[in-house]
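Worksheet: one structure, shown below.
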Amino acid sequence: MKTIFRLAVCFAILIQGQVYSQSGSMVKVTGGKFIPLYGTKEAVKVNDFQMDVYPVTNREFAEFVQKNPRWKRSQVKALFADESYLQNWKDDVIPGDEQLLNSPVTNVSWYAAKNYCECQGKRLPTVDEWEYVAMADETKADARVDKSYNKYILSWYETPQTFRNEIGSTFKNYWGVYDLHGLVWEWTIDFNSVMISGESRNDSTGDNSLFCGASAVGASDLMNYAAFMRYAFRGSVEARYSVKNLGFRCVKDENSEAL
Amino acid sequence: MKNSNRKTKRWFLYLFFMAALLTGVLSSCEKAVAAKENPELMKVYGESEAELTAPPRVPRPVGKRAATKLVVNMEVVEKEMEMSDGVSYVYWTFDGTVPGSFIRTRVGDEIEFHLKNHPDSKLPHNIDLHAVTGPGGGAESSFVAPGREAVFTFKTMNPGLYVYHCATAPVGMHIANGMYGLILVEPEGGLPPVDKEYYVMQGDFYTEGENGERGLQAFDMNKAIDEDADYVVFNGKVGALTGENELTAKVGETVRLYVGNGGPNLVSSFHVIGEIFDKVHVEGGSQINENVQTTLIPAGGAAIVEFQVDVPGNLVLVDHSIFRAFNKGALGILKVEGEENEKVFGGKIEEKPYNPGVSSVEEVVEETEAVAEVHGSLAETMERGKTVYTQNCLACHQATGAGIPNAFPPLAKSDYLNDDVNRAISAVKYGLTGEIKVNGDIYNSAMPKQNISDQDIASVLTYVYNNWGNNKTEVTPEMVKEVK
């Protein structure tokens, strides 16, 4: 009996630990310089920061709207979220039947995502920060030239309904971050800083020389293709849009904990 | 003086008035002509929703209707569909089909285009209609995130048959996944009426597995860049226009095909085996060529072909870059039913041996071979069978005996072969025409008589029976001789 009890306790702790680690745990990302795939020719510098290990889940966001009624579906200002905001939720605070509590929250506007992070003393990542972490695969900080890495991303783009999967269902990358590729798109604070007009052939002329660079033969073709889809997606949304495939996660500057 | 002055003045006034009247008449006359010819100035009457059709159907002709405001509702859907037997693919589509819905308008129409991107879509999409006069063909104005709807308007300025496609980065991938279709802009008064109209569009596909590899196949970017297509098909999949999906017409009818080519890479040598195009609207435009065998359709281009069908039979639509037709899928059937017309086509009236030089060479060769090899081991027979197979059978039945779906039956694991060896011998010896059922699928075509020796027939059948999961029957020349 005692053993069973002990086992149960251990098990409870284990579960607790897992749940704990899944909600809001962060890992440190050591900054550095890199040339993003799009938008600039120059290397950009990314400082050290902490990033959420997982995207924000339905459970977490439900708690958030409970505490912050102005982000309830019925109360949110049209200025800050379009009609698709939390569209499939049962009501103001309960996610829909098809939305597992442990799946990433989607159909949230940029304003809502931004405020969520702020309420936690965090912020949304910049495009550069997000791309910096997302260029890692399981073992390398920059796997962008790897065929398998790009294939993985491209095949995700062609897999329907991945927003229904639970967090942690893709791979853990070099930094210890999960699900950057393979689950949902993610909001970034400056998602519209690189404009893709939708007329992608226009974007390829003029100042966007990086696109032209992409016509060079070699691995960069593949790698740019994967990245273009992301930038194209970011270019297609506005801050109040709420999209079924679009979630978010938060980051924190390395020293902000002291504040 | 004063008086005459006034008179002159009046005269001048009169002249001026006349001149003004004259120029007025002239310029209004010019305007009337312009109004007829410049679509920009065409008045639109009323508003209606465009009838959209899935391939191979096309909407009703515009006929004599006036220019109107036409509302087009189109939805972008990303979904898994069949590419070939046992092979599936995640297509990106306009309205859930490849090619997307056919849009039919007339010159001067004011189009209000609603492009809706399904909420489940992963990607933003847009549409570039080659019928649009304006930046990007509407691409920029129609760029739409998942779960959103974009609306833009344009006026149809030029009559013709035009391609539309998605132009979101990476454009090649969006097109390669099936995002294209046709929009027809009819001239004032409409195209001349015909009996049958169909919508056919070619596209090339690049899959991670080779042609025929089963299961869900992912898009292969490297092959697309190398233009190394695994599938070249009409209407999005192998067999979209064969078997029960074949097009039909009756003898005497005039058939008009709206043929597009989505690409992304390959140019189509469009040909209909057994017909000559009476008319081709070259490149989908206003120039008409007559009596054409094969017409070139560029990627991102189209053509309208018309022909009257005079005799019954199966006409075969192909890309006459012919390996694409028989090995990659670019093959469709137009079945023509009706009375034979021997004036136009007499059919086969005789067949006899042709032996240049020696008159009895056939028998001689056969006998010596039979004598020489009748006692060969199974290994030798197999080797010979393989050679015979490669020379006579492989082109249609393929190296793996897999055949070509809907065209040439499989020899691998074939119930048709394993059930009856004499039937198999007869097929090779005398040919086989008409409907047969192989492994559950119906085939209806003709295999010619193979002019090879009994020994060779025995060898090749033994080779087939001892390969690809068949029942290992050994066929002897004697067995072949028995079959009459």
Return the minimal non-hydrogen interatomic distance between [X] and [Y], and the atom names on each side.
X: B/Trp92; Y: A/Tyr157; value: CZ2-O, 4.1 Å
X: B/Asp120; Y: A/Asn245; value: O-ND2, 3.5 Å
X: B/Gly147; Y: A/Ser84; value: O-OG, 4.2 Å

**Report entry** Contact origin within B/Glu208 toward chain A - heavy atom pairs under 4.5 Å
**Finding:**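 Only the side chain of B/Glu208 comes within 4.5 Å of chain A.
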Query - Region of B/Ser142 in contact with chain A, defined by heavy-atom distances below 4.5 Å - result: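 Neither part, no heavy atoms under 4.5 Å.
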Query raised in the report: If you measure from CG on B/Leu216 to OG1 on A/Thr159, what distance do you get to the nearest 0.5 Å?
Result: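 Going from the CG atom of B/Leu216 to the OG1 atom of A/Thr159 covers 8.0 Å.
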Greater than 12 external heavy atoms within 6.0 Å of [X]'s [atom1]:
X: A/Glu98; atom1: CD; result: no
X: B/Glu40; atom1: CD; result: no
X: A/Gln87; atom1: CD; result: yes

Heavy-atom check, side chain of [X] versus side chain of [Y], under 4.5 Å:
X: A/Asp82; Y: B/Arg148; result: yes
X: B/Met173; Y: A/Met229; result: yes
X: A/Phe233; Y: B/Lys122; result: no
X: A/Glu158; Y: B/Asn177; result: yes

Report task. Name the region of A/Ser242, side chain, backbone, both or neither, that has any atom closer than 4.5 Å to a heavy atom of chain B. Result ->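 Neither the backbone nor the side chain of A/Ser242 comes within 4.5 Å of chain B.
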Query raised in the report: Where does A/Trp185 contact chain B at under 4.5 Å (heavy atoms): side chain, backbone, both or neither?
Result: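 Only the side chain of A/Trp185 comes within 4.5 Å of chain B.
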Query - Choice from B/Gly172, B/Ala218, B/Ala145 maximising heavy atom contacts with chain A below 4.5 Å - result: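 Option with the greatest count: B/Ala145.
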**Report entry** Which residues share a ring-ring contact (aromatic ring centres under 6.0 Å, His included) with B/Tyr162, sequence neighbours left out
**Finding:**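 For B/Tyr162, no residue satisfies ring-ring contact (aromatic ring centres under 6.0 Å, His included) once neighbours in sequence are set aside.
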